Amino acid sequence: MRRLAAILLPLLALLGAALWVGPRLLDWEPYRAQLADIASTQLGRPVTLGGRITLTLLPQPRVEAAAVAIGPSGDGLTITARAMRLRLDLGGLLAGRLEPREIALVGGEITVPWPPTALPSLRPPPWLSALDARLEDCRLRLGGLQFEALNARLQTGAVTEALSAEGTLAWRGYAIRFAGQLGRAGFDGVAPLDLSLALAGSTLSARGVLAPEGFEGRMEAAGPDLALLLPAPPGAFRATGRLTAAADLFAADDLALDLAGQPARGAATLRLAPAPRLDVALAAGRLDLDAWFAALRQTRGAARPLAVPVSIDLSAEATGFGGVPLRRLRGAFFLEGDRLTLSDVSALLPGEMELEMAGATAGPRMELALRFSGQSLRETLAALGLPLTGTDPARLHAADGRFRLALENGQATISDLAATLDGTRLSGAGSVRFGGARPAIGLGLTLDQLDLDGLLPDPATLGAGLAGFDINLRLAAERLAWQRMVAERATLDATVEAGRVSLRRLALRLGEVDLAASGSAQLTPALRVPDLSLEVSGPNGNALMPLLPAGWAPLLAQPVALRLSGGGPPEAVALRVEGDLGGLRVEASGTADGRAGRGSGTVTLRHPGAPRLFAPLLGPEIGEWLGEGSFSLIASLNGQLANPPSLAADRLDLVAGTLRLRSQLGLALGGPRPRLTGRIQAERLPLPTPALRATAPLGLDRLAMLDADLSVEAGQVEPLGWPQLGGFSTALKLEAGTLRLEGVQARLAGGLLRGGLTIEGTASPPRLALEAKLEHATIGEPLFGLPLDLGAGRVDGQASLQATGHSLAALTATLGGQASVTIQDGLLAGVDLGALQATAALSSPEAGLRADLAGGATAFERLEAAATVTDGRIALVRTSIATEGGGAASASGEIDLARGTLDLRLASRPLAEAPEIGLRLTGPLAEPRRLPDLAPFLLWRATR
């Protein structure tokens, strides 16, 4: 046995070596055609073997051919391979037949035209019951798609068994595992097909039937992260639906989706001709648009762009973008390489603002065309975070328009803006730049009209909202309205940068007046105004009336030219005003401490004619009592804004016609009403004559606007047509609408006048009370200028009067009280009572008596009169006159001040035993009728 083993083992080793090496040394060139025919029969398509052919018997029979080309058949499929291996059946080989059991293509290039003319087929020869084909390290070109590292195994069983395939491939860096099973087709050419794919942790399975015209069935897909497959937000997903496939189209519709826990409906279509493209439609109740937009941006900027263009049609009933809630979102997004196209995008913003958008990207730049329309812009702006505090709720509602938006490198640019806001048409452009220390906003707008009433927000809110921005603003409005002011051709050019405001130009036209302003200010860390300029000019200043009190309107109806300039650090801002308003020259200068909130300065006003200056304001009669002369006002002012706010005039010199006044005044603003205090000194104080029957309201209720405590002194008080007062002094107190002149004292005709005046302006109707007492006054000329007047005498008198009413006429008609007067060594002008005694003794006295009562003068030693005043009528209660010749006279009757009439009777008894001789004065106060009463005396004389 040992000898036999020693002989057999070498023989077996020699036989094995012969079986291993021998076939490799054989020349297989004569079998090339036969092997090509076998491969062609096996694959059902022509096969060309261009390289070396080798046979290996161990460990199993196998023929390997290099440089293999599998020519196209009716389906257009072409294959080239580095090598092809055929595993042969050992029994058939021993019987002299080449029967392959497995075929493998190594390093193959497989090209499948798309769309294919027919489905590729692998059919084994009829005598074979099974086929096992492998693809190793192959490359597959499917139309415009290319797959790498294809390793797969195809197996066929018996005639009734299915064709199965499984393997892996790589596509654009993704590793894909697939498996499929194709059943045998029936007489109608329809075969069942099961297919499954695994990609990036996600799976896709499909089951259906494969017919000559394509595949139809159901599919199910799931995965941990949809963002690995599509430009979508990250999150788990699941989808089920119907799947159909044709030569150039794969479609999944009626999809029920679950995206990160949110249910949705959708469809997807993969088109392979004429160019590959994936279309996805998605409809959801809620959608995170921020996440979808971020996914699209991330996909665009990714180093590995999408293999095929992707179109996504999104639809959501509720979503949000940038913190702004949106409803009814509709839109299509098309991503091809790094180009993103948006079309038919629409949504409802808060306030039911409809927004439509379309656009595309070009490199890093995105250009969009937008349209908007709505009836509640306020709600939309509030949702966007814009400050609206302090604006009128009736403003900012209707809005519609369009504009183009470009986004590039942290900058948003708006162009071609054309819109209508609350009926106002506007156009312009703007930009917002991010990335610096603060966002920078540039805006240029042109408006046909701009009504600022109710549009400007609260300054504090606006300032806080704009503090974090740099702004470059240019505005132009054909018509500008604010409060009662209407301007034309208004323009604004200003910037805000790092807390610095630069007003390059503000210009507008008010009627015939042009206004122009420029300057700059530093808002932080403290207010600083380096320079400021304001110019006002025009041939007529009437348009400035809304900016000044209504009573100034006549003063403005003349040429105006004013200029304000200044600047400086916060603690010393210097300001200067100079200009002309008609003939009025204005000069003012001062400094303000912005940190401490106080300032000081001087004001000078000059005009060559005071009556001409004040006549438009106070009426032409002002020249009668004010007198001719120039006007000048020189004031030295200082004030503060807090603790409490106040304004003081350390010096205020006023000259107006014959008026000469100097004062020191202070105005405190911290109480319930402004309070004026100080001292007023006048050299001459002319006053108008009160028109007792004037019906114009005096406006006494305006006394409640101010409180006052003033010391008033005047060297001369000159009421027009009345006796002058000298050495006038009083304490003026005004509080809660009640004016009091306390301690009034003045010299009147060498005597002393004392008294007080109270006016209750807030009473309804206003009430007036006067107390006056005159001592030792001397009359040297007719006092009242009436036909019957006091021409001389020493006077003592007193009066206590009250009245109510809104006008002088009403005060006169309600005047009441009492008065008394005593005059010594006086002269009564207009009648000669002393001559009556001598005339009465004549034989024919009538003519003489009439002459004595018609004129002349009566010297008297003492005149005493007492009167009561009721409803404006002065009734003489007791009046007696003792003439120098020992005669006596009396007077009775009344004077109606309200109507300007009188009815008086002057009586004298020249003879003790005779009746009185009387003179009745009746009619108008200025020109009464004289009616001598001589009948009783003449009758008595006739009887004697």
Side-chain angles (χ1 to χ4, degrees), residues 690 692-693 719 721-723 744 748-749 751-758 767-777 779 782-805 808-831 833 858 860-883 888-908 916 918-926 928-931 933:
L692 299 181
R693 291 189 295 277
W722 288 35
V744 175
L748 175 60
L752 180 62
L753 176 65
R754 292 180 295 178
L757 175 67
T758 301
R767 292 191 293 268
L768 179 147
L770 172 66
E771 298 286 342
K773 185 176 182 180
L774 178 62
E775 297 177 348
H776 312 304
I779 301 174
L783 185 61
F784 302 109
L786 299 176
L788 190 63
D789 204 346
L790 293 172
R794 299 193 308 274
V795 182
D796 292 283
Q798 60 184 10
S800 178
L801 303 174
Q802 305 85 31
T804 61
L808 282 174
L811 291 172
T812 302
T814 59
L815 187 65
Q818 55 275 340
S820 63
V821 63
T822 300
I823 305 175
Q824 297 179 6
D825 302 328
L827 183 68
L828 180 63
V831 65
L833 297 178
T858 302
F860 59 87
E861 294 180 354
R862 187 177 182 87
L863 185 152
E864 294 182 355
T868 62
V869 184
T870 305
D871 295 333
R873 293 189 299 273
I874 303 175
L876 298 179
V877 177
R878 175 180 51 83
T879 303
S880 63
I881 303 174
T883 63
S890 65
S892 63
E894 68 177 25
I895 301 173
D896 192 339
L897 298 177
R899 295 175 177 83
T901 62
L902 56 78
D903 187 3
L904 297 178
R905 186 176 186 275
L906 185 64
S908 177
E916 291 180 339
L919 175 64
R920 186 175 182 185
L921 300 172
T922 183
L925 186 62
R929 295 189 302 275
R930 292 173 179 262
L931 301 175
D933 188 6

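Everything numeric in this text was worked out from a predicted model, so none of it was measured. Side-chain atoms are counted along with the backbone in the values below, which use heavy atoms only and exclude waters and symmetry mates.
The two atoms that bring Phe860 and Leu828 nearest to each other are CE2-N, 3.7 Å, heavy atoms only. Residues Ile823 and Ala792 approach most closely at CG2-O, 4.3 Å, considering heavy atoms. Between Ala889 and Leu833, the closest heavy-atom pair is CB-CD1, 3.6 Å. Across all their heavy atoms, Asp796 and Glu775 have their closest contact at OD1-CA, 3.2 Å.
Residue pairs meeting the side-chain hydrogen bond (donor to acceptor under 3.5 Å, both in side chains) criterion with at least one partner in residues 873-882, sequence neighbours excluded, do not occur; the list is empty. Counting only residues at least two apart or on different chains, no side-chain hydrogen bond (donor to acceptor under 3.5 Å, both in side chains) pair has a member in residues 808-820.
Salt bridge annotation for Arg754-Glu771: absent, with no cationic side-chain nitrogen under 4.0 angstrom from a carboxylate oxygen.
The shortest side-chain heavy-atom distance between Leu801 and Val869 falls under the 4.5 Å cut-off. With a 4.5 Å cut-off on side-chain heavy atoms, Leu827 and Leu790 do not count as touching. At least one side-chain heavy atom of Arg862 sits under 4.5 Å from a side-chain heavy atom of Thr822.
With sequence neighbours excluded, the residues that form a side-chain contact (heavy atoms from CB on, under 4.5 Å) with Ala777 are Ala749, Leu774, Val795. Looking at residues two or more places apart in sequence or on another chain, you find no salt bridge (Lys or Arg N to Asp or Glu O under 4.0 Å) involving Glu861. With sequence neighbours excluded, the residues satisfying side-chain contact (heavy atoms from CB on, under 4.5 Å) with Ala867 are Ile874, Leu876. In this view, Glu916 satisfies the side chain to side chain donor-acceptor pair (under 3.5 Å) rule with no residue, not counting sequence neighbours. For Thr870, there are no side-chain contact (heavy atoms from CB on, under 4.5 Å) partners at least two apart in sequence or on another chain. Residues that satisfy the salt bridge (Lys or Arg N to Asp or Glu O under 4.0 Å) test with Asp825, not counting sequence neighbours, are Arg794.
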Exercise. Does the side-chain contact (heavy atoms from CB on, under 4.5 Å) test come out yes or no for Val744 and Leu757, once each step is laid out?
Worked result: CA-CA 8 Å; Val744 175; Leu757 175 67; 5.7 Å; no
Pairs of donor and acceptor atoms involving the side chains of residues 897-908, under 3.5 Å and at least two apart or interchain, shall be tabulated with distances.
unit_1: Arg899; atom_1: NH1; unit_2: Asp896; atom_2: OD2; d: 2.7
unit_1: Asp903; atom_1: OD1; unit_2: Arg920; atom_2: NE; d: 3.0
unit_1: Asp903; atom_1: OD1; unit_2: Arg920; atom_2: NH2; d: 3.3
unit_1: Asp903; atom_1: OD2; unit_2: Arg920; atom_2: NH2; d: 3.1
unit_1: Arg905; atom_1: NH2; unit_2: Asp933; atom_2: OD2; d: 3.1
unit_1: Ser908; atom_1: OG; unit_2: Ala888; atom_2: O; d: 3.2

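Thr883 contributes atom OG1, which lies 11.0 Å from atom CG of Leu863 (distance to the nearest 0.5 angstrom). Atoms CZ and CG, on Arg930 and Leu921 in that order, are 6.0 Å from each other to the nearest 0.5 Å. Atom-to-atom distance recorded for Leu768:CG and Thr804:OG1 is 9.5 Å, nearest 0.5 angstrom.
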